[in-house]
**Student:** 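Attaching a single structure in structure tokens format; questions to follow.
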2 protein chains.
Amino acid sequence: MSTRERLIDATRELLWERGYSATSPRDILDRADVGQGSMYHHFSGKAALALAVIEGNRDAMISAGEDTLGGSGTAFERISGYLLRDRDALKGCKMGRLTEDSEVMENDALRQPVHETLLWYRERLTALLEEGQRDGEFRASFVPADVAAAIVATLQGGYVLAKADNSVAPYSAAIAGVLELLAAQRVDSGS
Amino acid sequence: MSTRERLIDATRELLWERGYSATSPRDILDRADVGQGSMYHHFSGKAALALAVIEGNRDAMISAGEDTLGGSGTAFERISGYLLRDRDALKGCKMGRLTEDSEVMENDALRQPVHETLLWYRERLTALLEEGQRDGEFRASFVPADVAAAIVATLQGGYVLAKADNSVAPYSAAIAGVLELLAAQRVDSGS
DNA sequence: GTCTATAATTGGATAGAC
DNA sequence: GTCTATCCAATTATAGAC
């Protein structure tokens with residue numbers, strides 16, 4: 001693995017674990033086992049390195065999302081597959097956590113890929129819910145864009161609850177809760 | 001207002017705006033318009049000052065929650081009143097944001113009041129949803145503790161979406177979405 | 001109780017050897 | 001391309017005057 005790749009990987013891990021502000025160049029160099037000069041040879045500084053990482057995360061997350069949400073099965077099956085995907089809830093979302101990092105939110109270049117990722121998920125879920133309503137799978141009694149936002153928010157908020165509780169239990173409960181409510185929207189749900 | 005109170009207020013604002021790690025003693029002293037020595041006279045350091053603030057936030061948030069969730073009206077009315085309460089979504093939750101601050105989560109004393117606050121809300125909403133099911137207001141087709149976690153998570157995640165979008169729109173959509181799903185659980189909802 | 005001065009450490013970046 | 005040495009500012013805390 002190249003020095004550049006080692007820098008990217010170390011930064012990716014640290015941004016996930018501690019965020020941007022709390023990650024120092026020294027932390028990155030120690031974890032990548034690289035000298036001071038190498039980082040400033042490959043990148044103009046900490047912000048440029050972080051930007052490369054965050055843009056890579058955006059691409060990977062959108063790709064993974066399309067694999068799950070654009071797969072086969074009913075809309076409900078695809079959404080529940082997405083929500084129940086195996087995750088380390090105590091680590092949280094590598095994108096979502098950056099929204100609580102002021103330094104990231106105040107830097108338009110860094111905020112942009114975070115924005116694009118979460119927007120993509122809301123839009124993709126909106127399209128899937130609309131499809132479900134059109135096909136008669138779901139009742140027409142909810143607004144797809146609203147429920148899409150609620151689904152993404154439940155995931156993001158589930159991580160918040162897990163971290164506060166130092167336990168995955170409230171994350172799992174939140175996911176289960178939104179699925180129970182969504183299941184009741186299926187026309188064959190018997191309600 | 002006493003020097004001590006000014007220190008507390010300045011710290012409360014800064015913890016909400018930037019979190020704990022990104023707030024320096026100097027930031028606090030500047031905003032409180034207090035000299036270096038005063039802070040170390042009233043508190044043992046930054047952590048002790050933050051603890052006083054976070055515990056105060058916990059007490060205020062639980063008190064405000066009981067006012068709304070323990071008020072009059074049906075369970076649905078009280079929950080929608082809580083969710084639709086006027087909030088500055090771009091500022092987010094002063095407690096929730098601390099869960100993304102590693103320094104806070106790794107300090108048990110600081111994490112404890114954050115945990116207690118979010119736990120209290122989940123438990124209070126669970127009790128309210130159970131009450132609604134017992135009274136025949138809600139169907140028995142959902143697990144109260146799951147939906148309670150989903151409601152709190154939607155709020156917390158709604159703030160994440162708002163910050164990423166630099167707009168309150170996705171926050172409002174997420175709240176609307178969870179309310180649309182919950183409304184369908186009312187026995188007189190016609191679904 | 002509050003102030004200014006200062007210390008020790010870390011954060012982020014640069015210089016220049018190899 | 002990578003390294004070590006170094007620089008300047010900011011962070012957190014202490015000392016000691018008033």
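Chain identifiers are assigned alphabetically (A, B, ...) following the order of the sequence lines, protein sequences preceding nucleic acid strands; residue numbering begins at 1 within each chain.
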**Student:** Please verify the inter-ring angle class for B/F76 with B/F138; under 30° counts as parallel, over 60° as perpendicular, anything in between as tilted.
**Tutor:**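 Aromatic pair B/F76/B/F138 classed perpendicular.
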**Student:** Under 4.5 Å between any side-chain heavy atoms of A/W120 and A/E66, yes or no?
**Tutor:**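 With C-beta onward as the side chain, the pair touches.
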**Student:** Just the rounded figure in Å: distance from C1' of D/dC3 to CE of A/M39.
**Tutor:**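 For the pair A/M39 CE and D/dC3 C1', the rounded distance is 15 Å.
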**Student:** Donor-acceptor check, side chain of A/Q133 to backbone of A/R139, threshold 3.5 angstrom: yes or no?
**Tutor:**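 Confirmed, A/Q133 side chain pairs with A/R139 backbone.
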**Student:** Pairing donors with acceptors under 3.5 angstrom, does anything connect the side chains of A/S141 and A/Q185?
**Tutor:**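 On atom types as modelled, these side chains qualify, holding a pair under 3.5 Å.
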**Student:** I'd like to know if B/D9 and B/R6 make a salt bridge, using a cut-off of under 4.0 Å between side-chain N and carboxylate O.
**Tutor:**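 Salt bridge between B/D9 and B/R6, a charged N being under 4.0 Å from a carboxylate O: no.
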**Student:** Heavy-atom nearest nucleotide on DNA chain C for A/D27 versus A/S44: which residue maps closer to 5'?
**Tutor:**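 The answer here is A/D27.
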**Student:** Identify, between B/K46 and B/G37, the residue whose nearest nucleotide on DNA chain D lies closer to the 5' end.
**Tutor:**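 This one resolves to B/K46.
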**Student:** Measure from CG on B/N107 to P on D/dT12 and round the result to the nearest Å.
**Tutor:**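 It works out to 14 Å between those atoms.
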**Student:** For B/Y20, does the six-membered ring have the charged nitrogen or CZ of B/K46 within the cation-pi criterion, i.e. under 6.0 angstrom from the centroid and within 45° of the normal?
**Tutor:**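 Judged by the rule (NZ or CZ under 6.0 Å from the ring centre, within 45° of its axis), B/K46 counts as positioned above B/Y20.
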**Student:** Within this structure, what is the CD-to-P distance between A/Q36 and C/dA17, rounded to whole angstrom?
**Tutor:**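 So the two atoms are 18 Å apart, to the nearest Å.
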**Student:** At under 4.0 Å, does any side-chain N or O of A/H42 touch on OP1 or OP2 of D/dT2?
**Tutor:**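 Yes, within the criterion.
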**Student:** Can you list, in residue-number order, the parts of residues 9-26 of chain A that come under 4.0 Å of DNA chain D, counting heavy atoms only?
**Tutor:**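 Close to the strand, none.
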**Student:** Let me know the distance between CG of A/L29 and P of C/dT10, rounded to the nearest Å.
**Tutor:**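 Interatomic distance, CG of A/L29 to P of C/dT10: 16 Å.
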**Student:** If only side-chain N and O atoms of B/T3 are considered, is one of them under 4.0 Å from the OP1 or OP2 phosphate oxygen of C/dT2?
**Tutor:**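 So the side-chain polar atoms of B/T3 do come within 4.0 Å of the phosphate oxygens OP1 or OP2 of C/dT2, strictly under.
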**Student:** What's the shortest heavy-atom distance between A/M105 and A/L98, and which atoms?
**Tutor:**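 For A/M105 versus A/L98, the nearest heavy atoms are CE-O, 3.6 Å.
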**Student:** Side chain of A/H41 only, heavy atoms from C-beta on: which candidate in D/dA13, D/dT2, C/dT2 is closest?
**Tutor:**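 Among D/dA13, D/dT2, C/dT2, the one nearest the side chain of A/H41 is D/dT2.
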**Student:** Find the distance A/D30:CG to D/dT4:P and express it as a whole number of Å.
**Tutor:**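 Nearest whole value for this atom pair: 12 Å.
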**Student:** In whole Å, I'd like the distance from the CD atom of B/E103 to the C1' atom of D/dT11.
**Tutor:**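 My rounded result for the distance is 11 Å.
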**Student:** With a cut-off of less than 4.0 Å, is there a side-chain N or O of A/Y40 near OP1 or OP2 of C/dT14?
**Tutor:**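 The answer is no; no side-chain N or O of A/Y40 sits under 4.0 Å from OP1 or OP2.
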**Student:** Quick one: B/L7 CG to D/dT12 P, roughly how many Å, whole number?
**Tutor:**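 Computing the B/L7:CG to D/dT12:P distance gives 15 Å.
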**Student:** Starting at atom CD1 of A/I28, determine the distance to atom C1' of C/dG11, rounded to an integer number of angstrom.
**Tutor:**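 These atoms are roughly 12 Å apart.
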